[in-house]
Amino acid sequence: MSYRKLLLSDIHSLSRRSESVWTWGTRKFSSTRSNGNRHYKLVIIGGGSGGCSISAKFAKTMGSKSIAVIEPSDVHYYQPMWTLVGGGMKSLADSGRPMSSVLPSNIDWVKDKATEIKPSKQTVVIGTGSSKQEIQYDYLVIAVGIQLQYEKIKGLPEAFNSAGVCSNYSSLYVNKTLQALKDFKKGNAVFTFPNTPVKCAGAPQKILYIADQYLRKNGKRDNAKLIYNTSLGVLFGVKHYADSLWNVVKSRDISVNLRRNLVEVIAKDKAAIFEDLDNPGKFETVPYEMLHVTPPMGAYDLIKSNSEDIPDAAGFVDVNKGTLQHVRHPNVFAIGDCANLPTAKTAAAVAAENGVLFRNLTNFMNGKEPEFIYDGYTSCPLVTGYEKCILAEFDYNGQPLETFPIDQSKERRSMFLMKKDVMPEIYWKLMLKGNWNGPGTFRKLFAPFKKT
Ligand code: FAD
Ligand code: UQ1
């Protein structure tokens, strides 16, 4: 069997395992203190985009076995690919790799869930009840991502057991999206955006445009009404790209309703109930043939409730927006979706945060002050069909910060191919190995060719 096939069969058997079974990873702890606690110079919580890529950077510069990554999952998913999985352009297996294959080989993988952080004792607790254990750190990086909260919508997640209800946001439901498109006969195809922070704020509408193109290609578009109900008051947060997206919506005959929040799904009636956020208490029932749900999301309880002095008022890790250092605990840093950075939460943002965090924490370890500043760079490849994409890139101020010397607010095939074929290579081969800090270098190289 080829290595790739082995990996895929590995992923399939691993993903069938119960999520609630957490055991110690196969790699052993390196250092044990006399009090029985485990101690590492650097502990990283989370082995997703942020945890994996930052551990790879430090694994190159720190002594062998001085780093522990706490991560319960067997599989690491490249979530940005799920937009393409939902549209039938990639498979779910394409988007996953065994966790053991993406974490650096010279770190200890603690295959468990962090349940508490105690910065006053420089300790992370793993497990619960009698299996509770403590791991001590000199330095801590928090990279646990953002929690999906389907259960906050009445009728979910049960409605996922019925035909037509799908969501690209979870490995459990993403395959239902293509199925819903294949099964579509006649009626409303409804797409939602919740009234909470989200990861990849473009993804809820990428699948709307892909669905439009799918239904056109398959001769079903005349029987379909496409509805995008978003809790936001805008189609996209940055006007430069929102203007283009409004043109896409109008040219494709898509209905957009702003300030509409999904509150209930009644699967037996194929009905979705939305609240009008400008008229609280006013509800509208929308019948659906297909319903794509972007779930409410929020900070994990680990940060929000179970970590003394780590969260801000909203429950996200309270870090300095420039340095990524915790505002009260200088030996604690955060990266990615769990941090309270006022930028769009994306893997592209994580890439740019990586370089800043690595240099600042390295400085701090050497007794120097963190001095490198993250500018909020984030990027959202707004896929608008099977061959088209608007590549949004912007900073904390919502100012476009584009890499290429072309008008990126236009739908382009080149940007689609970059999203589909180039970005996964960059992710697996560069970013997760600690060698991708975002496209800043290319932006500088291309700057002389940019028309102002
Ligand atoms: P994650 O990658 O989610 O990793 C968090 C990790 O922490 C997970 O492995 C989890 O198991 C672990 N964890 C959670 N709780 C605990 C705990 N208590 N103890 C230990 N470990 C824990 N980004 C882009 O840049 N471009 C895109 O086109 C794009 N499209 C997207 C489309 C979709 C449908 C989705 C869902 C996301 C998309 N993103 C995109 C967003 C991107 O995937 C995330 O922003 C990115 O993965 C965030 O990285 P992270 O490390 O913060 O969190
Ligand atoms: C990016 O750096 C990145 O991180 C790996 C992504 O996540 C998947 C992206 O989607 C994008 C668009 C970028 C930005 C990269 C370039 C080359 C513009």
Side-chain angles (χ1 to χ4, degrees), residues 19 22 43-54 69-86 95 99 102-103 110-117 124-127 141-148 167-171 174 177 198-204 206-207 292 294-295 297 300-303 306-307 317 334-339 341 344-354 377-383 389 391-393 401-404 408 415 418-420 422-428 430-432 436-443 446:
E19 263 188 58
W22 285 304
V43 169
I44 296 165
I45 314 178
S49 306
C52 226
S53 51
I54 200 71
V69 176
I70 304 172
E71 166 62 62
S73 307
D74 290 303
V75 184
H76 176 111
Y77 281 110
Y78 174 56
Q79 300 165 44
M81 198 180 274
W82 290 348
T83 293
L84 306 179
V85 175
S95 73
M99 190 62 73
V102 294
L103 288 173
V110 179
K111 193 173 170 302
D112 210 323
K113 191 177 176 182
T115 48
E116 225 177 310
I117 305 171
V124 179
V125 180
I126 54 170
V141 176
I142 308 175
V144 293
I146 190 167
Q147 188 176 23
L148 305 180
S167 177
N168 284 356
Y169 271 80
S170 162
S171 59
V174 60
T177 304
V198 295
K199 53 180 150 186
C200 197
K206 296 178 201 179
I207 190 58
H292 179 272
T294 298
M297 298 174 214
Y300 274 102
D301 282 348
L302 168 70
I303 311 298
N306 302 341
S307 296
V317 184
I335 187 166
D337 298 351
C338 67
L341 303 169
K345 296 180 186 297
T346 64
V350 170
E353 291 161 24
N354 237 312
Y377 172 83
T378 190
S379 171
C380 190
L382 294 151
V383 177
C389 177
L391 181 63
E393 293 180 282
L401 203 56
E402 298 185 340
T403 303
F404 302 102
Q408 290 184 201
M415 295 298 116
M418 201 203 63
K419 157 78 183 167
K420 180 166 110 12
V422 180
M423 282 324 304
E425 295 294 307
I426 291 181
Y427 186 79
W428 298 116
L430 295 178
M431 183 164 161
L432 293 194
W436 177 252
N437 298 339
T441 311
F442 294 98
R443 188 166 59 240
F446 292 138

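Just so it is clear, the model here is predicted, and its values are computed rather than measured. Order of appearance sets the numbers: ligands from 1, and atoms from 1 within every ligand.
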Problem - Sub-4.0 Å atoms of ligand 1 with respect to non-hydrogen atoms of P381 - result: 26 (N), 27 (C), 28 (O)
Problem - Atom indices of ligand 1 within 4.0 angstrom of G46 heavy atoms, with elements - result: 7 (O), 12 (C), 21 (N)
Practice task
Can you measure from CD1 (I70) to CD1 (I142) and round to the nearest 0.5 angstrom?
Solution key: 10.5 Å
Completion exercise
In this structure, OG of S171 is separated from CH2 of W82 (nearest 0.5 Å) by 4.5 Å
Problem - Within reach of ligand 1, part of Q79 (heavy-atom separation under 4.0 Å) - result: both
Handout entry: Contact summary for L391 and M415, nearest pair of heavy atoms
Key = CD2-SD, 3.6 Å
Handout entry: Check: E116 main-chain N/O paired with S307 side-chain donor or acceptor under 3.5 Å
Key = no
Completion exercise
Any heavy atom of L302 under 4.0 Å from ligand 1? The part involved is side chain
Problem - Under 3.5 Å donor-acceptor, K419 side chain and L382 backbone - result: no
Problem - Audit row: K420, V383, side-chain contact (heavy atoms from CB on, under 4.5 Å) steps and yes/no - result: CA-CA 9 Å; K420 180 166 110 12; V383 177; over 6 Å; no
Exercise for the section: Between V144 and ligand 1, find which residue part has any heavy-atom pair under 4.0 Å and reply side chain, backbone, both or neither. Expected result: both
Practice task
Just jot down the ligand 1 atoms closer than 4.0 angstrom to any heavy atom of N168, in number order.
Solution key: 34 (C)
Practice task
State if K419 counts as touching ligand 1 under the rule of any non-hydrogen atom under 4.0 Å.
Solution key: yes
Problem - From N437 atom CG to M431 atom CE, the distance as rounded to the nearest 0.5 Å - result: 9.5 Å
Fill in the blank from the handout: Short version for K206: what comes under 4.0 Å of ligand 1, heavy atoms counted, is side chain
Handout entry: Separation of Y427 OH from S95 OG (nearest 0.5 Å)
Key = 10.0 Å
Problem - Residue Y169 vicinity, atoms of ligand 1 by number, heavy atom under 4.0 Å - result: 36 (C)
Exercise for the section: Among all protein heavy atoms, pick out the one at the shortest distance from atom 53 (O) of ligand 1; state its residue, atom name and that distance to 0.1 Å. Expected result: G145 CA, 3.4 Å
Handout entry: 4.0 Å heavy-atom contact, Q147 with ligand 1
Key = no
Practice task
State the atoms of ligand 1, each with its element, that fall below the 4.0 Å cut-off from a heavy-atom position in A348.
Solution key: 24 (C), 25 (O)
Practice task
Identify the two heavy atoms, one from A349 and one from A344, that lie closest to each other, and give their separation to 0.1 Å.
Solution key: CB-O, 3.9 Å
Completion exercise
In terms of its nearest heavy atom to atom 4 (O) of ligand 1, the top option of G438, G48, C389 is G48
Fill in the blank from the handout: What one should report as the nearest heavy-atom pair of Y300 and G145 is CD1-O, 3.6 Å
Fill in the blank from the handout: atom 20 (C) of ligand 1 sits nearest the protein heavy atom I70 O, 3.4 Å
Exercise for the section: Flag G50 as yes when one of its N or O atoms lies below 3.5 Å from any N or O atom of ligand 1, and as no otherwise. Expected result: yes
Handout entry: From CD (Q79) to CG (N168), nearest 0.5 Å
Key = 11.5 Å
Exercise for the section: Tell me which protein heavy atom sits closest to atom 8 (C) of ligand 1, plus the residue, atom name and distance to 0.1 Å. Expected result: E71 OE1, 3.4 Å
Exercise for the section: Apply side-chain contact (heavy atoms from CB on, under 4.5 Å) to L148 and K199, showing your working. Expected result: CA-CA 10 Å; L148 305 180; K199 53 180 150 186; 4.1 Å; yes
Problem - Element-labelled atoms of ligand 1 that are located less than 4.0 Å from some non-hydrogen atom of K345 - result: 45 (O)
Handout entry: Proximal atoms of ligand 1 relative to A143 (non-hydrogen, under 4.0 Å)
Key = 5 (C), 6 (C), 7 (O)
Completion exercise
For E402, the side chain to side chain donor-acceptor pair (under 3.5 Å) test, sequence neighbours excluded, returns H240, Y241
Exercise for the section: Looking only at protein heavy atoms, identify the closest one to atom 27 (C) of ligand 1 and say how far it is in Å. Expected result: P80 CB, 3.5 Å
Could you list each nitrogen or oxygen of ligand 2 that sits under 3.5 Å from a protein nitrogen or oxygen, with the atom names and the distance?
{"residue": "ligand 2", "atom": "2 (O)", "partner": "W436", "partner atom": "NE1", "Å": "2.9"}

Exercise for the section: If you have a sec, work out which protein heavy atom is nearest atom 19 (N) of ligand 1 and how many Å separate them, to one decimal? Expected result: A114 N, 2.9 Å
Exercise for the section: Any atoms of ligand 1 less than 4.0 Å from a non-hydrogen atom of S73? List them with their elements. Expected result: 11 (O)
Handout entry: Steps toward side-chain contact (heavy atoms from CB on, under 4.5 Å) verdict (I117, I303)
Key = CA-CA 8 Å; I117 305 171; I303 311 298; 4.2 Å; yes
Exercise for the section: Answer with side chain, backbone, both or neither: which part of I45 has a heavy atom less than 4.0 angstrom from an atom of ligand 1? Expected result: side chain
Completion exercise
Out of A392, C338, C200, the nearest non-hydrogen contact to atom 39 (N) of ligand 1 is supplied by C200
Problem - Which atom of G86 lies closest to which atom of I207, heavy atoms considered - result: C-CD1, 4.2 Å
Exercise for the section: Say whether P72, considering both its backbone and side-chain N or O atoms, lies within less than 3.5 Å of an N or O atom on ligand 1. Expected result: no
Fill in the blank from the handout: Heavy-atom proximity to atom 42 (C) of ligand 1, picking from P295, A347, P204, points to A347
Handout entry: Backbone N/O of G127 and side chain of T115: donor-acceptor pair under 3.5 Å
Key = yes
Practice task
Measure the distance from atom 44 (C) of ligand 1 to every protein heavy atom, then report the residue, atom name and distance (to 0.1 Å) of the closest one.
Solution key: D337 OD2, 3.4 Å
Handout entry: Heteroatom distance test (K113, ligand 1): nitrogen or oxygen, under 3.5 angstrom
Key = no
Practice task
Check whether the side chains of W436 and S53 place a donor and an acceptor atom closer than 3.5 Å, and report yes or no.
Solution key: no
Handout entry: Minimum heavy-atom distance M99-V75, with the two atoms named
Key = CE-O, 3.6 Å
Exercise for the section: Please indicate whether any nitrogen or oxygen in S49 is less than 3.5 Å from any nitrogen or oxygen in ligand 1. Expected result: yes
Practice task
Determine the minimum heavy-atom distance between L302 and A114, stating which atoms define it.
Solution key: CD1-O, 3.5 Å
Problem - Nearest-0.5 Å distance, CG of residue L103 to CD of residue E71 - result: 7.5 Å
